[in-house]
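Bear in mind the structure is a predicted one, so any value in this text is a computation, not a measurement.
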Amino acid sequence: MTTTEPPAPSRLRSWMLEGLSDMGKGQGVTGPHAAPEPPHRGQAWYRVMCLTGVDYFSTLGYQPGIAALAAGLLSPVATVVLVVVTLAGALPVYRWVAEESPHGEGSIAMLERLLTFWKGKLFVLTLLGFAATDFLITITLSAADASTHLVENPHLTEALHGQRMLITLLLVALLGAVFLKGFLEAIGVAVALVATYLALNAVVVAAGFWHVVTAGHVVTDWSHALTAEHGNVFAMVGVSLLVFPKLALGLSGFETGVAVMPHVKGDAGDTEEHPAGRIRDTKKLLTTAALIMSVFLIVTSFLTTVLIPEKEFQSGGQANGRALAYLAHEYLGNTFGTVYDVSTIAILWFAGASAMAGLLNLMPRYLPRYGMAPHWARAVRPMVLVFTLIAFLVTWVFDADVDAQGGAYATGVLVLMSSAAIAVTIAARRAGQRGWTVTFGVVSAVLLYVTVVNVIERPDGVKIGACFIAGIIAVSLLSRLARAFELRVTDVTLDPLAERFVRDAASRKLRFIANEPDRRDRAEYREKIEQIREDNDLPAHEDFVFAEVTVTDPSEFEGRLVVRGEVLHGRYRVLTLESSSIPNALAALLLHVRDTTGCTPHIYFEWTEGGPFANFLRFFLFGQGEVAPVTREVLREAEPDRARRPRVHTG
């Protein structure tokens with residue numbers, strides 16, 4: 001029999017699918033959130049912190065302006081509340097997450113371990129939808145704010161007036177082009193950007209405080225206006241708590257901090273199972289980043305509130321989305337201000353790069369393992385195109401407006417942080433640590449309150465998140481259907497007795513009987529052999545080995561197969577297997593036996609009662625159903641050469 005060679009793939013297809021691999025296992029991933037470096041090439045924690053910093057610290061580009069719009073004169077007080085929640089709530093939560101997921105899996109993996117079967121998969125897909133919201137809005141919001149800094153620069157205002165949308169789309173497209181070309185590890189670039197950006201911000205802060213000191217009336221003017229508007233401290237704190245959800249963007253960055261964990265060098269004695277040094281240094285990373293950001297948030301919110309006229313924060317104002325850049329130009333001149341703008345644009349654009357790399361690492365970590373992603377989703381370039389096109393759509397929907405995207409960004413951040421707080425609360429309770437259980441329970445309640453209020457006040461975020469969730473679930477289920485007959489077993493291992501059964505049977509004719517274990521008494525096996533011989537007209541002297549599969553978690557897509565042999569009732573040889581799918585396990589066993597013995601095995605089934613559609617649903621959802629034809633179909637897809645394909649008999 002001759003076979004036709006498949007046509008050679010086009011150069012474009014080969015380029016697009018270059019490096020196709022299981023990204024969920026850390027292969028083929030590029031960017032700041034890529035697979036972990038070998039231990040000897042790990043980076044010091046303070047350098048890795050800058051990967052978090054390009055996302056976390058870059059929010060200084062727009063956070064003070066958003067705080068001023070949300071809280072007005074109360075912006076500094078509301079920011080202090082934000083800092084308290086950061087240091088007393090989010091930081092302890094993610095320090096615990098770092099200990100529970102030292103390989104960068106994050107809080108989603110912690111919750112995945114708490115839930116099983118399809119409900120666990122659907123819950124993870126929901127969280128992935130919000131994570132996609134977080135990362136994609138990071139890309140579009142950062143690009144929009146970078147374009148705002150560019151358009152509002154005094155040297156470019158006239159030339160670029162009205163071009164914010166075009167510039168934002170160009171920045172997003174440039175980001176996609178960089179990833180299509182190949183985005184290598186860039187910790188060194190991140191360190192340079194973060195160090196420069198924080199240094200320039202320190203200069204702006206120093207200049208701002210010098211002006212406050214030399215013009216002392218600005219503080220008294222602010223305090224008098226604040227007292228006249230809100231009366232007393234308790235009223236101020238109460239209002240700050242009410243507006244706090246609008247400031248939630250200042251909490252972003254912790255998920256990124258955990259995602260970059262695999263890059264932390266740790267100690268020489270660290271192992272993948274027990275990376276104690278990596279965990280310790282990641283906690284330092286999270287704590288240092290939170291402290292630096294907290295200081296900058298407080299001082300910048302104070303300076304922008306007392307030094308910038310309120311009307312400038314409004315849409316169209318010179319400080320809208322660029323409050324610190326406004327101060328840089330105002331007090332340090334347009335030359336320094338332009339340098340500050342360039343630094344801000346660079347770090348905001350790089351924050352988008354970090355978010356893109358996070359998407360390319362996060363989605364393949366789960367979806368291929370669930371069988372819920374098409375094959376091309378394991379390659380970087382097709383996914384870059386998908387995410388870039390979605391970013392174009394989001395930019396167009398929100399008209400490249402920083403303020404308009406704040407709600408969607410905050411929703412993604414808050415849902416992930418709330419899920420992390422709930423995960424560590426459950427983990428602390430299981431560990432018997434009552435104090436931490438109560439503490440994390442309170443943090444969870446606070447974050448859930450903030451999330452709910454944010455959703456009520458700014459429903460755009462949950463709408464965008466719901467669109468991502470619906471899209472991910474729909475594509476995932478369609479992919480799972482399309483890959484239903486794919487061989488999913490990654491490795492087959494036989495114990496010594498099972499190997500002996502196979503080796504002995506191979507000396508004659510390899511005949512297996514697929515048996516659904518029931519009573520497992522002598523009569524069950526005797527009657528099964530008699531039925532198979534009668535249905536297939538086999539002589540009495542033919543020898544058989546039983547194969548019995550127990551379904552574990554049918555929602556799992558792929559995994560290892562361990563085959564154990566046992567002799568029942570002194571005469572019946574039985575191979576027992578555990579798998580998420582009966583047909584897949586049997587097909588994998590037959591192919592493994594063929595490859596190790598060189599003989600073509602035969603397997604015998606009885607027809608299953610019931611309609612074909614109901615049986616297919618049973619197979620798809622529960623790994624059972626019409627076993628015989630599905631086993632044959634899996635074998636047909638796995639082995640195109642009919643002459644080498646194991647034989648399936650059904651009576």
Mark yes when over 12 heavy atoms from residues, nucleotides or ligands other than H569 sit less than 6.0 Å from its NE2; otherwise mark no.
yes
Search all heavy atoms of A585 against all heavy atoms of L561 and return the closest pair with its distance.
O-CD2, 3.6 Å
Set of salt bridge (charged side-chain N to carboxylate O under 4.0 Å, His left out) partners for E639, sequence neighbours left out
R594, R644
Ring pair (Phe, Tyr, Trp, His ring centres under 6.0 Å) partners for F254, two or more places apart:
Y56, Y94
Run the side-chain contact (heavy atoms from CB on, under 4.5 Å) check on R511 and I532 step by step: do they pass?
CA-CA 11 Å; R511 298 187 189 275; I532 291 298; over 6 Å; no
By salt bridge (charged side-chain N to carboxylate O under 4.0 Å, His left out), which residues pair with R280, not counting sequence neighbours?
D267
So which pairs with a foot in residues 559-580 pass salt bridge (Lys or Arg N to Asp or Glu O under 4.0 Å), sequence neighbours left out?
D491-R560, D504-R573, R520-E566, D543-R573
Using a 4.5 Å cut-off on heavy atoms from C-beta on, say whether the side chain of W436 contacts that of W96.
yes
Rounded to the nearest 0.5 Å, what separates atom OG1 in T133 from atom CG in L127?
11.0 Å
The reported gap from CG in L589 to CG in N584 (rounded to nearest 0.5 angstrom) is 12.0 Å
In short, L416 meets A131 closest at the heavy-atom pair CD1-CA, 3.8 Å
Using the test side chain to side chain donor-acceptor pair (under 3.5 Å), find all partners of S579 that sit at least two apart in sequence or belong to another chain.
none
Residues R636 and E633: closest non-hydrogen pair is NH2-OE2, 2.6 Å
To the closest 0.5 Å, what do you measure between OG1 (T388) and CD1 (I139)?
7.0 Å
Using 0.5 Å steps for rounding, measure from the CG atom of L385 to the CD1 atom of I390.
11.0 Å
Looking at K509, I want to see if its NZ is surrounded by more than 12 non-hydrogen atoms of other residues, nucleotides or ligands under 6.0 Å.
no
Going by an N to O cut-off under 4.0 Å, is there a salt bridge joining E530 and R533?
no
Distance in Å, L494 CG paired with R503 CZ, rounded so as to fall on 0.5 Å steps
10.5 Å
Minimal non-hydrogen separation, V563 against A498, with atom names:
O-CB, 3.9 Å
Under the side-chain contact (heavy atoms from CB on, under 4.5 Å) test, which residues partner A98, sequence neighbours left out?
M261, T282, L286
Heavy-atom closest pair, residues P102 and R278
O-NH1, 2.8 Å
Sorted by chain and residue number, the ring pair (Phe, Tyr, Trp, His ring centres under 6.0 Å) partners of H602 (sequence neighbours excluded) come out as H649
My understanding is that only residues two or more places apart in sequence, or in another chain, count here; which of them pass side-chain contact (heavy atoms from CB on, under 4.5 Å) with A523?
R519, D521, R526, E527
Among all residues two or more places apart in sequence or in another chain, which pass the ring pair (Phe, Tyr, Trp, His ring centres under 6.0 Å) test with Y572?
Y525
F501 vs V567 side-chain heavy atoms within contact, under 4.5 Å:
yes
Decide yes or no on side-chain contact (heavy atoms from CB on, under 4.5 Å) for T600 and R647, but give the supporting numbers first.
CA-CA 7 Å; T600 301; R647 306 293 192 261; 3.8 Å; yes
Atom CD in Q433, atom CZ in F440: separation rounded to 0.5 Å?
8.5 Å
Does the side-chain contact (heavy atoms from CB on, under 4.5 Å) test come out yes or no for L568 and F546, once each step is laid out?
CA-CA 10 Å; L568 295 181; F546 287 91; over 6 Å; no
Residues passing the side-chain contact (heavy atoms from CB on, under 4.5 Å) test with A514, sequence neighbours excluded, are L586, I603, F605
Do F544 and K528 have side chains that approach each other closer than 4.5 Å (heavy atoms only, starting at C-beta)?
no
Would you mind reporting whether S101 and V258 have side-chain heavy atoms less than 4.5 Å apart?
yes
If you count heavy atoms of other groups shown closer than 6.0 angstrom to CZ of R508, is the number above 12?
yes
So, do T550 and T576 sit near enough that their side-chain heavy atoms are less than 4.5 Å apart?
no
Taking all non-hydrogen atoms of both residues, which atom of V384 and which atom of G176 are closest, and how far apart?
CG1-O, 3.5 Å
How would you list, by chain and number, every residue that makes a salt bridge (charged side-chain N to carboxylate O under 4.0 Å, His left out) with R632, sequence neighbours excluded?
none
Check: D281 side chain, A44 main-chain N or O, donor-acceptor pair, under 3.5 Å:
no
Can you find a heavy atom in the side chain of V574 that is under 4.5 Å from one in the side chain of E548?
yes
Walk me through it: do V502 and H592 pass the test side-chain contact (heavy atoms from CB on, under 4.5 Å)?
CA-CA 11 Å; V502 170; H592 177 78; over 6 Å; no
side-chain contact (heavy atoms from CB on, under 4.5 Å) involving A506 - partner list, sequence neighbours excluded
L510, T597, C599
